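Step one of this worksheet: look at the structure below.
No experiment lies behind these values; they were computed from the predicted model shown. Chain identifiers are assigned alphabetically (A, B, ...) following the order of the sequence lines, protein sequences preceding nucleic acid strands; residue numbering begins at 1 within each chain.
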Amino acid sequence: MWRELASALADTLYMVSASTFFSVVFGFVTAVAMVLTRPGGLRPNAAAHTALDLVVNLLRSFPFVILMIAIIPLTRFLAGTSIGSTASIVPLTVAATPFVARIIEGSLLGVDPDVIEAARSFGARDLQVVFGVMVREATPSIILDIAIVAVNLVGYSAMAAALGGGGLGDLAIRYGYNRFQTDIMVYSIIVLIVVVQLIQRTGTLLSRKIR
Amino acid sequence: MISVEHVCRNFGNLNALRDVSFSVARGEIFGIVGHSGAGKSTLLRCLNGLERYGSGTIRVMGREVAGLGEEELRDLRRGMGMVFQNFGLMERKNVAENVAWPLDVWKVPRDAAERRVEELLDIVGLSSKRAGRIRNLSGGEKQRVGIARALALSPGILLCDEPTSALDPATTESILGLLGDINRNLGVTILLVTHQMEAVKRICDRVLLLDRGRVCGCGRTEDVFLSPSPEMKRFVRDDYASPEEGVCVRVAFPREVAGESVVSRMARDLAIDFCVVGGRLERYRDTVLGFLIISVRPEDLEGVAGYLSGKRLLWEVIDDVA
Ligand SMILES: Nc1ncnc2c1ncn2[C@@H]1O[C@H](COP(=O)(O)OP(=O)(O)OP(=O)(O)O)[C@@H](O)[C@H]1O
Ligand SMILES: [Mg+2]
């Protein structure tokens with residue numbers, strides 16, 4: 001049982017960290033693009049902004065289970081298979097990316113407009129403003145965003161079990177729910193609680209440390 | 001140094017600036033006052049190209065701002081520092097790093113930049129806090145950092161957008177003093193946007209009055225305040241409270257004349273009664289002027305007017321009793 005628990009934990013950590021990584025990368029890029037192109041942004045572009053905004057809202061309105069099934073062809077193309085932990089990273093990433101884009105956008109917009117104005121007033125280039133000011137000032141808040149995403153992905157990864165992804169959620173469902181082995185279910189849930197706590201604590205501490 | 005001609009700026013159908021013209025000479029401290037929403041910030045931001053303008057021309061140090069390409073605009077901004085109401089400092093950098101920021105952007109070599117930062121911290125009196133965190137500073141100290149940063153690239157012009165509006169009176173006074181010193185010692189031309197009349201009187205050589213995007217007064221500070229136009233009077237109405245009855249006369253005295261004795265001598269000479277409604281001292285840069293507001297009976301007004309004019313004193317009847 002312990003061995004099963006350990007390998008399930010490893011699976012969960014693998015899925016969560018990989019999908020967090022990819023969704024943060026893609027979501028961050030999307031967020032920067034949205035902030036740049038929004039009306040009053042550094043490079044206003046109504047068409048691009050509306051399109052991005054629409055796609056983000058659209059993807060966010062899909063229930064995860066349906067999204068997972070809908071993108072099976074994409075999953076198969078990218079991962080070579082549509083089942084297993086590695087395969088479930090694809091739908092997890094697709095589901096989390098628009099969410100990440102939205103919350104990082106919020107963090108970037110939270111940066112004091114006077115600071116941005118100040119940078120421009122002494123001749124900073126747009127790139128210097130985006131990375132040297134907006135991203136830099138928003139970093140503590142972006143770290144909190146990432147913790148939120150990772151915690152959400154822990155929950156989503158349990159749902160990915162429906163597609164044959166492994167992990168703690170899968171363990172809890174297979175043994176605890178289907179086979180009435182309550183102890184395994186309880187243990188997997190305890191481990192899940194600990195994982196979530198650790199992610200959130202780390203995020204909070206890190207964010208506070210670099211403020 | 002700066003000349004603005006017939007500048008307009010619309011946001012949709014809101015006319016933020018309407019046919020604004022003025023010019024600023026090298027070495028001046030030039031005030032821009034107006035109520036909230038008058039277009040002061042918009043005007044200031046047009047000067048360094050942070051805001052575009054629809055029509056008219058703005059020439060800064062000989063260059064037409066609207067005609068500048070991206071790199072030329074950066075170059076122009078290098079020569080114009082800007083100071084903000086809410087400071088606009090990077091919370092995640094310390095004091096010295098904030099001051100060094102423009103030097104970083106312009107890739108000034110490290111040792112030259114360090115020397116410059118020390119100089120600047122010395123000018124604004126913050127040398128002892130060079131490693132301090134921004135969030136631990138008082139408002140006045142934050143603004144000093146903001147000013148040091150604005151001076152980092154040795155600009156010829158300093159644009160200040162309500163630099164003292166978030167500060168208490170004593171701190172305001174010290175920041176204005178600092179701006180005055182910078183103007184005098186470094187020869188920096190200063191544009192000061194504010195809605196605080198005291199700030200204008202304290203340091204501005206000339207002042208522009210902006211009302212809903214339109215210029216409604218421009219001239220030497222003394223002239224604008226001592227013989228105010230109707231717009232100006234409306235602007236400062238609540239500065240001078242008036243009593244219910246009688247005619248109120250506001251008399252200005254140069255520093256060396258004691259107002260009370262002049263007025264009481266007048267009362268004796270003309271054999272009239274009067275009462276003092278208010279009075280105060282106001283600083284106009286380096287001179288102090290006294291104001292006395294007295295209330296006289298309407299039938300005595302003519303005599304009073306003649307007497308005061310005979311003494312060559314500036315006076316006016318305050319008629320719009322608020
Ligand atoms: N980017 C913008 N889009 C639309 N309207 C704007 C924009 N910037 C300014 N305005 C409008 O232009 C007018 C002038 O604004 P501005 O900020 O210049 O006023 P201000 O005199 O600086 O006021 P305050 O004392 O409150 O700072 C206001 O009515 C404001 O709402
Ligand atoms: Mg303003």
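Between A/Ala118 and B/Gly88 the shortest heavy-atom distance is CB-O, 3.8 Å. Of all non-hydrogen atoms in B/Asn86 and A/Asp112, the two that sit nearest each other are O-OD2, 4.3 Å. The minimum heavy-atom distance linking B/Arg77 with A/Gly123 is given by the pair CB-N, 4.0 Å. Here the closest non-hydrogen pair linking B/Phe84 and A/Asp114 is CB-OD2, 3.7 Å.
A/Glu117 and B/Arg45 are joined by a salt bridge, as a carboxylate oxygen and a charged side-chain nitrogen come within less than 4.0 angstrom of each other.
Not a single donor-acceptor pair under 3.5 Å links the side chain of B/Glu91 to the backbone N or O of A/Glu137. In terms of modelled atom types and a separation under 3.5 Å, the side chain of B/Arg92 and the main chain of A/Arg136 share a donor-acceptor contact.
When heavy atoms are compared at a cutoff of 4.5 Å, B/Leu89 approaches chain A solely by way of its backbone atoms N, CA, C and O. Residue A/Ile210 touches chain B through both its backbone and its side chain, counting heavy-atom pairs closer than 4.5 Å. Only the side chain of B/Asn48 comes within less than 4.5 Å of a heavy atom in chain A; its backbone stays farther off.
Taking the six-membered ring wherever Trp is involved, the centroid distance between the rings of A/Phe122 and B/Trp106 does not fall below 6.0 Å.
Under a cut-off of 6.0 angstrom, the local environment of OH in A/Tyr187 is sparse, with at most 12 non-hydrogen atoms contributed by other residues, nucleotides or ligands. Atom NZ of B/Lys129 is surrounded by 12 or fewer heavy atoms from other residues, nucleotides or ligands within 6.0 Å. Within 6.0 Å of the CZ atom in A/Phe64, the count of heavy atoms belonging to other residues, nucleotides or ligands exceeds 12.
Under the side-chain contact (heavy atoms from CB on, under 4.5 Å) criterion, B/Arg9 pairs with B/Phe11, B/Leu17, B/Thr42, B/Glu51, B/Arg52, sequence neighbours left out.
A/Asp126 CG to B/Glu70 CD: the interatomic distance, rounded to the nearest 0.5 Å, is 6.0 Å. Atom CG of B/Leu50 is separated from atom CZ of A/Arg120 by 5.0 Å, given to the nearest 0.5 angstrom. Here the CG-OG distance, from B/Leu44 to A/Ser121, works out to 10.0 Å after rounding to the nearest 0.5 Å.
Contact of the A/Val133 side chain with the B/Trp101 side chain is registered, since non-hydrogen atoms from C-beta on lie closer than 4.5 Å. Under the 4.5 Å side-chain criterion, counting only non-hydrogen atoms from C-beta, B/Arg135 is in contact with A/Arg211.
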